[in-house]
Colleague: 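What follows is a single structure, and I will ask about it in a moment.
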Amino acid sequence: MTDIQAYPIQNVIAPDFDRPETLYFNAPEMAPECRGSLPWSMAAGHSLSTDTYLNGLFLHFWDTYANIGQIGLEIETDEKVTVSISAISDDGPIGIAQYSGGGQHIVWISELPKGTARLAFSLLANANAKILGLRWVTKSAPKRAVSLSIGLCTFNREPFLANTVGALVQQREKTPEIEAIWVVNQGARFTDPALLEIAKLDFVNVLEQPNLGGCGGFTRSMIESVTAENPTTHHILMDDDIELDPRVMDRVALFLRYCGEDFALGGQMLEIERPTRLHEAGGRLHPLWYVESVGHNLEMDRPESLGLFDVTPEIHYNAWWFCVIPTHVIRSVGLSPPLFIRGDDIEYGCRMKDAGVQTIPPPGCLVWHEG
């Protein structure tokens, strides 16, 4: 049992929600029991490895935009396991720490090899074991409190919407920073029984209005968020036709506790049809007024694709399939322009950039969307 106060910065997550397992673990067949939420049961001799898009700890992102100090890996098991931590660079992985034992323990990392881009680890069950806790931590206390509101604009996409809002409602138990969900319905009245039941919750607000396009729906959610009786620190804009691993909400909340106040965060889009393929990790607006999609067509379960985040890509904007904006920025920058379809998110991201508010893409913060 550790007696040092530690604070989580990134939880290790297992395959779930019918998404590709190779985005979570290397060789996921070596740990078939590690699925869904903790605790996981691992048979003796089974192992998991985390140098992946969703479980690697990308250091440039944390070092550049947050102040967390010393990093450690917290492990809690009921039986003995062996954990090996590696520093990954252009030259490949280098072992930097190892631990064997059971119970609760933190492996603190004192020094990193030059050029380290990300951290990963492998865990071997020496006996039949339960994995009770597994997360990256720091000794540094969070710098600020965070609260989140979510704005979803929808037009006749009830099955997608019901899945997304239902997942967010369940995730709220683990991410209490989620304080309000604003669903702006611009289509037919809801008939899905699950959606109608969710709409009864006191923190879920369904707003009916004419079809004013994506911009009109998202703008309405912005207005509701910043004028609420208890405004949140950040507002998240999210499409209605996405597939979501809601644990990214936990990733967002943990990071925001350590980063500066004038950053927007952009979630990457992977394709629903080819769910390991990256469509965009943010975009850049060229001086000749065409857009460049960062990371387009990379397969994110391949080691060479992870290099996209070894140095956090510079982006000018992030599409509103998943974009986190500080509410004080919405007040200062204003609302989006009255564009019925396409371009509002690009204009708004570039306007934030011109106002000194940078949008950054947290590695492993993603949604799946039709390509």
Side-chain angles (χ1 to χ4, degrees), residues 6-13 23-24 50 52-74 109 116-120 133-150 168 171-172 174-179 232-238 244-269 281-282 294-295 300 306 308-315 317-318 320-330 349 352 357-367:
Y7 303 90
I9 57 172
Q10 182 173 301
N11 293 315
V12 177
I13 56 177
L23 294 172
Y24 297 82
T50 66
T52 59
Y53 172 53
L54 285 170
N55 278 318
L57 188 71
F58 291 81
L59 295 183
H60 184 271
F61 176 75
W62 284 96
D63 289 345
T64 304
Y65 302 109
N67 182 14
I68 55 173
Q70 189 174 9
I71 296 169
L73 180 67
E74 185 175 60
I109 298 168
T116 299
R118 60 188 183 270
L119 298 177
L134 202 51
R135 59 187 186 176
W136 295 101
V137 297
T138 179
K139 295 178 181 178
S140 302
K143 305 299 186 291
R144 61 185 51 84
V146 171
S147 55
L148 305 173
S149 60
I150 300 166
L168 290 169
Q171 184 64 31
R172 188 171 182 260
K174 299 177 181 178
T175 310
E177 290 88 352
I178 301 172
E179 294 189 359
T232 55
T233 63
H234 293 78
H235 187 56
I236 304 177
L237 302 172
M238 199 179 298
L244 175 73
D245 185 332
R247 296 171 296 184
V248 300
M249 305 302 296
D250 185 63
R251 295 276 175 99
V252 165
L254 290 177
F255 175 72
L256 288 175
R257 300 193 309 167
Y258 287 94
C259 82
E261 295 182 351
D262 286 329
F263 290 114
L265 307 183
Q268 295 92 63
M269 175 195 146
V294 174
M300 297 311 296
L306 302 184
L308 174 66
F309 293 101
D310 286 351
V311 175
T312 310
E314 178 187 349
I315 62 175
Y317 67 89
N318 200 90
W320 286 354
W321 46 64
F322 191 101
C323 189
V324 186
I325 305 174
T327 48
H328 82 87
V329 169
I330 297 173
M352 286 197 297
V357 179
Q358 185 178 356
T359 302
I360 51 177
C365 178
L366 79 162
V367 298

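As the structure is a computational prediction, the values presented were derived from the model and not from experiment. Positions are given from 1, in the same order as the sequence printed here.
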Colleague: Measuring centre to centre across the rings, with the benzene-like ring taken for any Trp, is Phe61 within less than 6.0 Å of Phe255?
Modeller: yes
Colleague: Are any of the side-chain heavy atoms of Ile150 and Met249 separated by less than 4.5 Å?
Modeller: yes
Colleague: In the structure I gave you, are the side-chain heavy atoms of Leu244 and Leu168 within less than 4.5 Å of one another anywhere?
Modeller: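 Side chain of Leu244 against side chain of Leu168, heavy atoms only: contact under 4.5 Å found.
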Colleague: Quick check: does any side chain N or O of Arg251 sit under 3.5 Å from a backbone N or O of Pro362, one acting as donor and the other as acceptor?
Modeller: no
Colleague: Which value, rounded to the nearest 0.5 Å, describes the distance between Gln70 atom CD and Ile68 atom CD1?
Modeller: 10.5 Å
Colleague: Counting distance only, does the side-chain N/O of Tyr258 pair as donor-acceptor with the main-chain N or O of Ser140 below 3.5 Å?
Modeller: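 Yes; judged by distance alone, with no hydrogens or angles, the pair exists.
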Colleague: With a 4.5 Å cut-off on side-chain heavy atoms, are Phe263 and Thr359 touching?
Modeller: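 No; the side chains remain at least 4.5 Å from each other.
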Colleague: Can you check side-chain contact (heavy atoms from CB on, under 4.5 Å) on Leu73 and Val137, steps first, answer last?
Modeller: CA-CA 6 Å; Leu73 180 67; Val137 297; over 6 Å; no
Colleague: Run through Asp245, Asn55, Thr52, Thr50 and flag the one making a side-chain hydrogen bond (donor to acceptor under 3.5 Å, both in side chains) with Tyr24.
Modeller: Asp245
Colleague: Does a side-chain heavy-atom distance below 4.5 Å link Asn11 with Asp250?
Modeller: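 Asn11 vs Asp250: side chains touch.
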Colleague: Compare all side-chain heavy atoms of Leu256 with those of Val324 and state whether any distance is below 4.5 angstrom.
Modeller: yes
Colleague: Dump the intermediate steps for side-chain contact (heavy atoms from CB on, under 4.5 Å) on Phe58 and Gln10, then the final yes or no.
Modeller: CA-CA 10 Å; Phe58 291 81; Gln10 182 173 301; over 6 Å; no
Colleague: Distance check, rounded to the nearest 0.5 Å: Ile325 atom CD1 versus Ile236 atom CD1?
Modeller: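 One gets 10.0 Å once the value is rounded to the nearest 0.5 Å.
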Colleague: Show the numbers, then the answer: is there a side-chain contact (heavy atoms from CB on, under 4.5 Å) between Leu237 and Phe322?
Modeller: CA-CA 6 Å; Leu237 302 172; Phe322 191 101; over 6 Å; no
Colleague: May I ask you to test the Val146-His234 pair for a side-chain heavy-atom distance under 4.5 Å?
Modeller: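 Touching, per the 4.5 Å side-chain cut-off.
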Colleague: For Leu23 and Met300: C-alpha separation, side-chain torsions, deciding distance, then whether side-chain contact (heavy atoms from CB on, under 4.5 Å) applies.
Modeller: CA-CA 7 Å; Leu23 294 172; Met300 297 311 296; 3.9 Å; yes
Colleague: Without swapping roles, check the side chain of Glu261 against the backbone of Thr233 for a donor-acceptor pair under 3.5 Å.
Modeller: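 It does not hold such a pair.
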Colleague: Taking Arg172 for the side chain and Glu177 for the main chain, is one N or O donor matched with an acceptor at less than 3.5 Å?
Modeller: no
Colleague: Are Thr312 and Pro361 close enough that some pair of their side-chain heavy atoms sits under 4.5 Å apart?
Modeller: yes
Colleague: Could you go through Arg118 and Asp310, starting from their C-alpha distance and side-chain angles, then the distance that decides it, and tell me whether this counts as salt bridge (Lys or Arg N to Asp or Glu O under 4.0 Å)?
Modeller: CA-CA 7 Å; Arg118 60 188 183 270; Asp310 286 351; 3.0 Å; yes
Colleague: Measuring from Asp262:CG to His328:NE2, what's the distance to the nearest 0.5 Å?
Modeller: 4.0 Å
Colleague: Please check if any side-chain donor atom of Ser149 sits under 3.5 Å from a side-chain acceptor atom of His235, or the reverse.
Modeller: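 Their side chains do contain a donor-acceptor pair, which is all the 3.5 Å distance test asks for.
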Colleague: Say whether Ser147 and Thr232, considering side chains only, have a donor N or O and an acceptor N or O under 3.5 Å apart.
Modeller: no
Colleague: Strictly distance-based, threshold 3.5 Å: is any side-chain N or O of Trp321 a donor or acceptor partner for the main-chain N or O of Gly267?
Modeller: yes
Colleague: Evaluate the side-chain proximity of Arg135 to Tyr7: yes if any heavy-atom separation is below 4.5 Å, no if none is.
Modeller: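 No; the side chains remain at least 4.5 Å from each other.
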